[in-house]
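One structure is given here, and the rest of the page talks about it.
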Amino acid sequence: MILVTGGCGYIGSHVVKALTEAGEKVLVYDNLSQGTKAALIHGEELVVGDICDQGSLKQVFETHDIEAVIHLAALVNAAESNDKVDLYRSVNEIGSQNVYQAAVAAGVKMIMYSSSAAVYGTPVGLEPIQESAPLLPTNVYGETKLAGEKLLLDIAGHEVKYGIFRFFNVGGAEEGGRLGQSRESRAIMQRLFAVAAGDDDHIVISGHDYDTSDGTVVRDFIHVEDIALAFVLGLNNLRKGSKSFTLNLGSGESHTIGEVIKEVGIVTGKNIPLIYGPRIKGDISYSLSDISLVQKVLGWEPVHTLRLIVRDGWNAYKKLSLKEGKHVL
Ligand SMILES: NC(=O)c1ccc[n+]([C@@H]2O[C@H](COP(=O)([O-])OP(=O)(O)OC[C@H]3O[C@@H](n4cnc5c(N)ncnc54)[C@H](O)[C@@H]3O)[C@@H](O)[C@H]2O)c1
């Protein structure tokens, strides 16, 4: 069976769904600090536990026959990470090490890890970012994700294969709207939906004096279902005996935040009031993936456009609102 840490969270729940629908038996390990059991829509087995708890991890490996680990559990708020350095290091670094060590001790031969484009920081030029680009994170979150990569490289050897994916900006949701991103998420798309739904009055755009077409930062949005598919392909690739890999997962298309706001306005039919604020210290101004390597290695292609990412994300946001007894017109 495949152990997915953080499988009750936003991306994890889509990965779990895709694995189950591909015929895999999945076990989820999550402390439910952010995720929810309801996100396991096919009723996958859940162990409620913390990746900082070595004893609990050891027990999971002792009591289940685990073939591969997909490690997604982490704290993910980049802005918060700069204020809670010790907490982010303990969960994202020591917690990751605990997962890897418990897996290797139990004889697991394949470990996949969800890293982030945050490991690159702001690139020097405006070329799409290749995996070989310098790794210079600009915030604590990015540093901890990079540490999670290095710890995995250290522990993997001839015996243990690894697959590292560096996600760019993840958005969207499964089409049925049963899964989605938490309301508390600080992801830009969620904050825009909150304004469209009337949950917030306006959005603050941090910095509009960047050297981009409209002065706002440039991002590369990728649909969460495209990410989930990559894990299924990556797992099968490692199973077939292919080499370990580190691969970008983005759309390969760039959009300014100004363009994303326009798109959210079109899809939701709402006016999105905005206020321009100062830049956030350490914010990356330009982020665009080069995806030629993952296309070659896994034969993976992102199939969702920005329009679909916004449509599916908005649909999930509205469904969640309805569940909470709130109607979004
Ligand atoms: N969302 C993005 O755009 C993005 C981009 C790049 C990388 N990532 C990475 O993807 C992964 C998933 O992110 P997400 O957006 O789904 O976040 P999320 O917060 O929705 O999911 C994280 C899950 O991990 C669980 N978790 C947190 N701390 C834990 C702990 N100590 N022990 C056990 N479980 C714990 C949470 O309960 C939650 O279910 C993370 O590793 C993140 O760094 C996300």
Side-chain angles (χ1 to χ4, degrees), residues 1-17 19 25-41 43-108 110-116 118 140-152 154-156 160 162 164-165 167 170 179 181-187 231:
M1 76 191 332
I2 312 300
L3 178 75
V4 181
T5 72
C8 292
Y10 167 49
I11 299 172
S13 59
H14 286 87
V15 171
V16 168
K17 172 179 175 279
L19 288 167
K25 194 158 182 229
V26 181
L27 172 68
V28 173
Y29 187 85
D30 196 302
N31 69 357
L32 302 183
S33 59
Q34 303 297 322
T36 146
K37 186 170 193 252
L40 304 178
I41 53 178
E44 290 87 353
E45 183 181 348
L46 167 67
V47 173
V48 179
D50 200 295
I51 57 170
C52 297
D53 181 345
Q54 288 173 308
S56 164
L57 279 170
K58 187 165 179 267
Q59 200 183 10
V60 168
F61 284 97
E62 279 171 2
T63 51
H64 297 82
D65 184 13
I66 293 162
E67 180 199 4
V69 172
I70 296 181
H71 174 44
L72 292 127
L75 295 177
V76 303
N77 184 330
E80 181 188 69
S81 70
N82 294 324
D83 300 326
K84 297 186 177 173
V85 179
D86 291 346
L87 178 66
Y88 272 70
R89 293 216 191 288
S90 75
V91 175
N92 294 1
E93 297 183 14
I94 300 167
S96 295
Q97 188 163 32
N98 291 340
V99 172
Y100 306 151
Q101 283 176 344
V104 171
V108 172
M110 294 176 282
I111 303 176
M112 297 172 80
Y113 172 61
S114 56
S115 189
S116 165
V140 171
Y141 169 70
E143 287 169 14
T144 64
K145 295 308 291 184
L146 181 56
E149 288 192 14
K150 289 182 176 160
L151 289 163
L152 180 52
D154 286 348
I155 209 163
V160 180
Y162 67 83
I164 295 171
F165 285 124
F167 313 159
V170 186
L179 302 174
Q181 206 158 358
S182 143
R183 278 287 169 66
E184 281 76 51
S185 164
R186 300 306 296 151
F231 276 98

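Owing to the predicted nature of the structure, the values given are computational and were not obtained by experimental measurement. This chain uses plain numbering: 1 for the first residue, then up along the sequence.
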Do His71 and Ile51 have side-chain heavy atoms sitting under 4.5 Å apart? yes
Ring centroid separation Tyr113 to Tyr162 under 6.0 Å: no
Arg89: which of Asp86, Val85, Leu87 passes side-chain contact (heavy atoms from CB on, under 4.5 Å): Val85
Between Glu80 and Tyr141, is there a side-chain donor-acceptor contact under 3.5 Å, judged purely by atom types and distance? no
Distance col, row Ile111:CD1 vs Thr5:OG1, nearest 0.5 angstrom, shows 10.5 Å
Note, Leu152 side chain near Ser96 side chain (heavy atom, < 4.5 Å): no
Could you measure the distance from the CD atom of Gln54 to the CG atom of Asn98? Nearest 0.5 Å is fine. 4.0 Å
For the side chain of Tyr100 and the backbone of Ala156, is there at least one donor-acceptor N/O pair under 3.5 Å apart? no
In short, Cys52 meets Val91 closest at the heavy-atom pair SG-CA, 4.0 Å
Side-chain touch Leu46/Cys8, heavy atoms, less than 4.5 angstrom: yes
Say you draw a straight line from CD of Gln34 to CD of Gln181; how long is it, rounded to the nearest 0.5 Å? 11.0 Å
Between Lys17 and Leu179, is the side chain to side chain contact (heavy atoms under 4.5 Å, CB included) condition met? List the steps. CA-CA 10 Å; Lys17 172 179 175 279; Leu179 302 174; 4.0 Å; yes
Looking only at heavy atoms, which two atoms of Ala73 and Gly6 are closest? And how far apart? CB-N, 3.6 Å
Any Val4 side-chain heavy atom under 4.5 Å of Ile70 side chain: yes
What is the minimum heavy-atom distance between Ser115 and Ile164, and which atoms define it? CB-CG2, 3.9 Å
Give me the atom names and distance for the closest heavy-atom approach of Val108 to Glu67. CG1-O, 3.6 Å
Applying side-chain hydrogen bond (donor to acceptor under 3.5 Å, both in side chains) between His64 and each of Lys25, Glu45, Gln59, report the one that passes. Glu45
d(Leu3 CG, Asp65 CG) to nearest 0.5 Å is 12.0 Å
Quick check: do Glu143 and Leu146 have side-chain heavy atoms less than 4.5 Å from each other? no
Here the pair of heavy atoms bringing Ser56 nearest to Gly49 is OG-CA, 4.1 Å
For Lys145, is there any backbone N or O sitting under 3.5 Å from a side-chain donor or acceptor partner on Asn92? no
Any heavy-atom pair between the side chains of Leu19 and Val15 that's under 4.5 Å? yes
CD1 of Ile11 to CZ of Phe165: how many Å apart, nearest 0.5 Å? 12.0 Å
Looking at CD of Gln101 and NZ of Lys58, how far apart are the two atoms once the value is rounded to the nearest 0.5 Å? 13.0 Å
For Leu27, which of Val16, Val60, Val69, Ile2 qualifies under side-chain contact (heavy atoms from CB on, under 4.5 Å)? Val60
Hey, are the side chains of Tyr10 and Val170 touching, using non-hydrogen atoms and a 4.5 Å cut-off? yes
